[in-house]
Amino acid sequence: QIHVTESGGDSVQSGGSLRLTCGASGPPYGSYCMGWFRQTPDKKREGVAAIASDGTPNYADSVKGRFTISRDNAKNTLYLQMNNLKPEDTAKYYCGAAWPGPCTVVVGASSGGGYWGQGTQVTVSS
């Protein structure tokens with residue numbers, strides 16, 4: 001069983017930055033894939049960024065060049081640095097871990113498995 005908890009959501013102006021944090025507990029942290037997802041207005045899960053146990057990242061096209069995912073295995077912590085935020089980035093952001101299959105945002109977004117947090121709200125105003 002893996003438990004994940006997100007923090008760092010806030011309200012910012014367009015062009016601003018935020019860093020989200022996800023703490024994890026359970027099996028050896030460095031052994032599984034993790035990622036960030038957000039909930040679209042129609043309540044679907046949209047992949048943002050994922051990172052494999054070896055540190056290989058995978059990003060949604062909409063955030064490439066603006067967001068950076070990283071993990072600190074010694075601290076059991078996942079990060080998402082978000083720069084140049086846009087109003088369309090407004091969403092509740094969720095941390096996910098250990099979903100079945102490849103460590104990509106596409107697979108994670110459609111997965112029925114894995115472990116998920118309660119989310120943290122990011123609001124970007126124009």
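Starting from 1, each residue takes its place in the sequence as its number.
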Pairs satisfying salt bridge (Lys or Arg N to Asp or Glu O under 4.0 Å), at least one member in residues 95-119, at least two apart: none
For residues [X] and [Y], report the shortest heavy-atom separation together with the two atoms involved.
{"X": "C33", "Y": "W99", "answer": "SG-CZ2, 3.2 Å"}
{"X": "Y32", "Y": "A98", "answer": "CB-CB, 4.0 Å"}
{"X": "A97", "Y": "I2", "answer": "CB-CG2, 4.3 Å"}
{"X": "R38", "Y": "F67", "answer": "NH1-CE2, 4.2 Å"}
{"X": "M34", "Y": "C95", "answer": "CE-SG, 3.5 Å"}
{"X": "Q121", "Y": "T123", "answer": "NE2-OG1, 3.5 Å"}

So, using side chain to side chain donor-acceptor pair (under 3.5 Å) as the criterion, who are the partners of K64 when residues are at least two apart? D61
Hey, quick one: are I51 and Y94 part of the same hydrophobic cluster, counting side-chain heavy atoms closer than 4.5 Å, chains of contacts allowed? no
From [atom1] ([X]) to [atom2] ([Y]), nearest 0.5 Å:
{"X": "S62", "Y": "E88", "atom1": "OG", "atom2": "CD", "answer": "8.5 Å"}
{"X": "E6", "Y": "Y93", "atom1": "CD", "atom2": "OH", "answer": "12.5 Å"}
{"X": "M82", "Y": "T68", "atom1": "CE", "atom2": "OG1", "answer": "11.0 Å"}
{"X": "L78", "Y": "N73", "atom1": "CG", "atom2": "CG", "answer": "10.0 Å"}
{"X": "K44", "Y": "Q39", "atom1": "NZ", "atom2": "CD", "answer": "12.0 Å"}
{"X": "N58", "Y": "C103", "atom1": "CG", "atom2": "SG", "answer": "7.0 Å"}

A side-chain contact here means heavy atoms from C-beta on lying under 4.5 Å apart; do P87 and S126 qualify? yes
Report yes if some heavy atom in the side chain of V122 is under 4.5 Å from a heavy atom in the side chain of L18; otherwise report no. yes
Would you find a donor on one side and an acceptor on the other, under 3.5 Å apart, between the side chain of [X] and the backbone of [Y]?
{"X": "R45", "Y": "S111", "value": "yes"}
{"X": "R66", "Y": "Q81", "value": "no"}
{"X": "T90", "Y": "V124", "value": "yes"}
{"X": "T120", "Y": "G9", "value": "yes"}
{"X": "R19", "Y": "Y79", "value": "no"}

Relative to the ring of W116, is the ring of F37 parallel (under 30°), tilted (30 to 60°) or perpendicular (over 60°)? perpendicular
Do S17 and N83 get their side chains close enough for a donor-acceptor pair, meaning under 3.5 Å? yes
Are more than 12 heavy atoms from other residues, nucleotides or ligands located less than 6.0 Å from atom CD of Q118? no
Under the criterion side chain to side chain contact (heavy atoms under 4.5 Å, CB included), which of I69, V105, V63 is the partner of W36? I69
